[in-house]
Engineer: 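The following block contains the structure, expressed as structure tokens.
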There are 2 protein chains.
Amino acid sequence: MKNISKEDYLSAIYKLRDEAGEIKPNLIAENLEISAAAVTDMLKKLNKDGYVRYQKYKGIKLTPKGEKYAISMIRKHRLWETFLFETLGMPWEKIHNEAEKLEHSSSDELVDKLEEFLNFPEFDPHGYPIPDKAGNIPKQKQVIALSDMNKNEKGKISRISDFKSELLVYTKRQGLNIGEKIFIKDKLEFDGSVVININNKEVSLSKKIASNIFIEKD
Amino acid sequence: MKNISKEDYLSAIYKLRDEAGEIKPNLIAENLEISAAAVTDMLKKLNKDGYVRYQKYKGIKLTPKGEKYAISMIRKHRLWETFLFETLGMPWEKIHNEAEKLEHSSSDELVDKLEEFLNFPEFDPHGYPIPDKAGNIPKQKQVIALSDMNKNEKGKISRISDFKSELLVYTKRQGLNIGEKIFIKDKLEFDGSVVININNKEVSLSKKIASNIFIEKD
DNA sequence: TTTAATTTTTAAGTTTACTTAAATTTATAA
DNA sequence: TTATAAATTTAAGTAAACTTAAAAATTAAA
């Protein structure tokens, strides 16, 4: 058994709405690596407990209570990531999984102290905004997936998806770091892959990879 | 359900042997606040998995594998306590429970980095020694429970049991801090309570409380 | 040393969060 | 529009870690 908690479901739902734009049982199941049936079960409970509004076959929506909960988990996650990376110097591709565990094991009081110690950071090491104590999320400049940009456009890397450590290892090896300036040299219609210039180097990225890198356009 | 893990059982067993001097199912149950029947169940499993040597009605003993595991959990616990107290400034009576959760959610790699960040502390805020990476435990000067000392003896406080936050709040309010010098002014035969001098103040402590305060004798 | 009290174990049952397989509903395509 | 495919839900069952109550073993006391 995987024993995934209420918190994980709520975070997953929040992130799906935020990043994929839609919330479906199958997507939740995929995200949490459990069966769709398990998701149905839990949705019923979350509905009963007032964390989501759920009508079978129809829709899934976080209630204010559920959203508050989700944001507080995301806050914990991103603060821990920041601590692990900035303070302890852990490798950037490992902090996501480690923070995933810590976020369930720390009180609000602890996390507030941690935030203070870190001097109230606004973004985590992968470029995600960190909600403050009240749940407000720092505004990020308009960002767009690298895969949605066109030839000759330019900008700088502001976020890289953190859910697959393999991706983070890869992007790091290619020199794709947060803050780095990029220029789109070419985009192949054939498979959607892009060729970019970064640090005077030319790097080619598949569409899938490019869709996980977010750019702040000039 | 409380869902206590293998780790908790092993730590509890280790500490019982270390502090109470004997390991009995009932003591484990009391420590973890679960039924004795649950303990029997788990002992069978720990035996099967090679963490303890267990013969029913007869005895419970950690195997080297179990001991190694327990020490690693204790190391995590005490390093987290040190971090929470020293680095984040959390109240001293709260860090035990918080560390209790964190210890299950951190990899060895993380804890090694944490230890380095904390500059390899040897004792935690309650005066317990912190095992190093290899499992070696810093030698503490000979300590004795305050309840076992006699009139006119003196020494300094080197450890206070951390399992009841109520006790920690109490001792702190009485000015009983690690490192403080004490002198036993009187000991009542009636109920075993002791009267001590600390910081030019006179404090009276019940036998039960005194048995949780450990002194390094002069 | 026999009885009584205590401790430990066994037995039976509960809860939670899953699983797979079958049934149902919704979406897509001929 | 109807058939087929895909997504979702229901049903039935499992595993882990508990619970209480009863039974068995050990320890303490008369």
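Every value quoted in this text rests on a predicted model; they were computed, and no experiment measured them. Note on naming: letters A, B, ... go to the chains in the order of the sequence lines (proteins, then strands), and numbering restarts at 1 for each one.
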Engineer: Please state whether the phosphate of dT8(C), meaning OP1 or OP2, lies under 4.0 angstrom from any side-chain nitrogen or oxygen of K58(B).
Structural biologist: no
Engineer: Please determine, for the side chain of A38(B), which listed nucleotide (dC18(D), dT10(C), dA21(C)) has the closest atom?
Structural biologist: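 Minimum distance to the A38(B) side chain belongs to dC18(D).
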Engineer: If you go through the side-chain atoms of Y57(B), does one of them form a donor-acceptor pair with the base of dT7(C) closer than 3.5 Å?
Structural biologist: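 Side chain to base: no pair below 3.5 Å.
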Engineer: Output yes when D108(B) and K76(B) qualify as a salt bridge under the 4.0 Å nitrogen-oxygen rule, no when they do not.
Structural biologist: yes
Engineer: Quick check on dT24(C): is either OP1 or OP2 less than 4.0 Å from any side-chain nitrogen or oxygen of K56(A)?
Structural biologist: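 So the side-chain polar atoms of K56(A) never come under 4.0 Å of the phosphate oxygens OP1 or OP2 of dT24(C).
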Engineer: Let me know the distance between CD of E22(B) and P of dT6(C), rounded to the nearest Å.
Structural biologist: 17 Å
Engineer: Would you indicate which nucleotide in dT20(D), dC18(C), dT10(C) comes nearest to any side-chain atom of S35(B)?
Structural biologist: dT20(D)
Engineer: Relative to the 5' end of DNA chain C, which residue comes earlier, I4(A) or Y54(B), by the nucleotide with the nearest heavy atom?
Structural biologist: Y54(B)
Engineer: Which part of the nucleic acid does K6(A) contact within heavy-atom distance under 4.0 Å: base, sugar-phosphate only, or nothing?
Structural biologist: nothing
Engineer: If you look only at pairs with a residue in residues 22-57 of chain A, which of them pass as a ring-ring contact (aromatic ring centres under 6.0 Å, His included), with sequence neighbours excluded?
Structural biologist: Y51(A)-Y69(A)
Engineer: In this structure, how many angstroms lie between the P atom of dT9(D) and the CD1 atom of I34(A), rounded?
Structural biologist: 13 Å
Engineer: What's the spacing between I196(A) CD1 and D186(A) CG if we round to 0.5 Å?
Structural biologist: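 Spacing of CD1 (I196(A)) from CG (D186(A)) equals 12.5 Å.
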Engineer: Using the benzene-type ring in the case of Trp, are the ring centres of H77(A) and H96(A) under 6.0 Å apart?
Structural biologist: yes
Engineer: Tell me which residues in residues 39-50 of chain B put a heavy atom below 4.0 Å from DNA chain D, sorted by number, or none.
Structural biologist: D41(B), K45(B)
Engineer: Verify whether the ring centers belonging to F83(A) and F83(B) lie closer than 6.0 Å.
Structural biologist: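 Yes; F83(B) has its ring centre under 6.0 Å from that of F83(A).
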